[in-house]
There are 2 protein chains.
Amino acid sequence: MRIGDLAKATGVDIETIRYYEKAGLLPEPGREANGYRAYQQAHLERLAFIRHCRALDMPLESIRRLLDFVAHPEAECGDINRLIDEQLARVQARLNSLRALESQLAALRAQCGENHSARECGILHELVAAAHGEACACHFDAKSGSHYLLMGKQKNRP
Amino acid sequence: MRIGDLAKATGVDIETIRYYEKAGLLPEPGREANGYRAYQQAHLERLAFIRHCRALDMPLESIRRLLDFVAHPEAECGDINRLIDEQLARVQARLNSLRALESQLAALRAQCGENHSARECGILHELVAAAHGEACACHFDAKSGSHYLLMGKQKNRP
DNA sequence: CTTGACCCCGGAGCGGCTCCAGGGTTTCCA
DNA sequence: TGGAAACCCTGGAGCCGCTCCGGGGTCAAG
Ligand SMILES: [Zn+2]
Ligand SMILES: [Zn+2]
Ligand SMILES: [Zn+2]
Ligand SMILES: [Zn+2]
């Protein structure tokens, strides 16, 4: 199987396949006389494994570790669970921040109805006022009744 | 105000401030005799504006466009709305895929209870079997009763 | 003999930082 | 007065997971 066949069989871009090889996820295949990569069935399965994990948004490093487990099936699987749990935690953390983001953006969006000049745009007003330290619609916490603290220590990811 | 003062006042890392300057988001400040950056109140407000937008996860390019509106308040604000709407759409799309991801990971996690060898680990079994083309717990769509098509054309982001 | 479909490689680019090396300046304290 | 600590400067590399590019080789069909 040449790289193009593997790409077609798995739906993975050729460049991505070569990238996985460079990254040490896909073992180096044999070569034809002309230097073309020659893949076996095992490569196809391994690539499918990788893509399945990527579809779960696992980082390549985690996939590397999972592949180690496939290669060493006598090891204890505790680390596998931890790995999935960590991934789940990442996803849930991101879900929480995106849910907050969604309502913040919706609140901001509600500040402007129809078309007018930017000078009178409720959205822009909000953003400028918030930069002055005033309360903003987007970062108002209904539960606590107070304005989120945007200044001060803050991570760069929302 | 020196860069460290600005950093302290806004909670933004010094390197990030310099990065925003390089990226054309923060105007170049004056300099002291020794070459140190000297910021004014206007810089602080502009940086706060940028961070507020970043807290809404807007890409720097969108923030640049918003800052253009601040500089040209006579323009029509339709593009501002569109910009927010696009951001909202991005967030909602990501939310949807993360929600799917969460249940997929949870289903996968449920395949392994207590500790055992990797060989007998339900999680690893699932992943390997799925790579063989068999159905997997994670990518089983309850609504359609069928297995997700993981092979074939697929975007690289989940 | 050319066209087109493949394949190879190394390197750059994306976003939004973050960190580093290698320097200069200022400030405080003994 | 000396020396350490705390600032500041610059340019460039590194992160992730690809994606694209340039410049070239290979091979069959028309
Ligand atoms: Zn408006
Ligand atoms: Zn806000
Ligand atoms: Zn297990
Ligand atoms: Zn699955």
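The figures that follow rest on heavy atoms only: side chains count, while hydrogens, waters and symmetry mates do not. Numbers restart at 1 for each chain; the letters A, B, ... are given by sequence-line order, proteins then strands.
- A continuous path of Ile, Leu, Val, Met, Phe, Trp and Tyr side chains, each step under 4.5 Å between heavy atoms, connects B:Leu88 with B:Leu56, placing both in one hydrophobic cluster.
- To the nearest 0.5 Å, atom CG of residue B:Leu108 and atom CD of residue B:Gln104 are 9.5 Å apart.
- Between D:dC18, C:dC7, C:dT18, one nucleotide has an atom nearer to the side chain of B:Thr16 than all others, and that is C:dT18.
- Contacts of B:Arg18 with the nucleic acid, taken as non-hydrogen atoms under 4.0 Å apart, include base atoms.
- For A:Arg37, no side-chain nitrogen or oxygen approaches OP1 or OP2 of C:dC7 to under 4.0 Å.
- Of the two residues near DNA chain C, A:Lys22 and B:Met58, the one whose nearest nucleotide lies more 5' is A:Lys22.
- Annotation: salt bridge (Lys or Arg N to Asp or Glu O under 4.0 Å) contacts involving residues 16-28 of chain A, sequence neighbours excluded, comprise A:Glu15-A:Arg18, A:Glu21-A:Arg37.
- The nearest whole Å value for the distance from the CZ atom in A:Arg94 to the P atom in D:dC16 is 17 Å.
- For B:Arg31, taking side-chain heavy atoms from C-beta onward, the closest of the listed nucleotides D:dT10, D:dC18, C:dC17 is D:dT10.
- Checked against D:dC7, D:dC18, C:dC19, the side chain of B:Tyr36 finds its nearest nucleotide in D:dC7.
- In this structure, the CG atom of A:Leu25 is 9 Å from the P atom of D:dG17, given to the nearest Å.
- For a distance-only test at 3.5 Å, the side chain of A:Glu15 fails to qualify as a donor-acceptor partner of the base of D:dC18.
- Considering only side-chain atoms of B:Arg51, the nucleotide from D:dG17, D:dC9, C:dC17 that sits closest is C:dC17.
- The side chain of A:Tyr19 lies closest to D:dC18, out of D:dC18, D:dC27, C:dC7.
- Interatomic distance, B:Thr10 OG1 to B:Phe49 CZ, rounded to the nearest 0.5 Å: 15.5 Å.
- Direction change of the helix axis from one end of the helix from C:dC1-D:dG30 to C:dA30-D:dT1 to the other is 30°, with five pairs defining each end axis (rounded to 10°).
- When distances are taken from the side chain of B:Arg2 to each of D:dT19, D:dC8, D:dT10, the shortest belongs to D:dC8.
- Of the listed nucleotides (C:dG16, D:dT19, D:dC9), C:dG16 has the atom at the smallest distance from the side chain of B:Arg54.
- Looking only at side-chain heavy atoms (C-beta outward), A:Ser117 and B:Glu74 stay at 4.5 Å or farther from each other.
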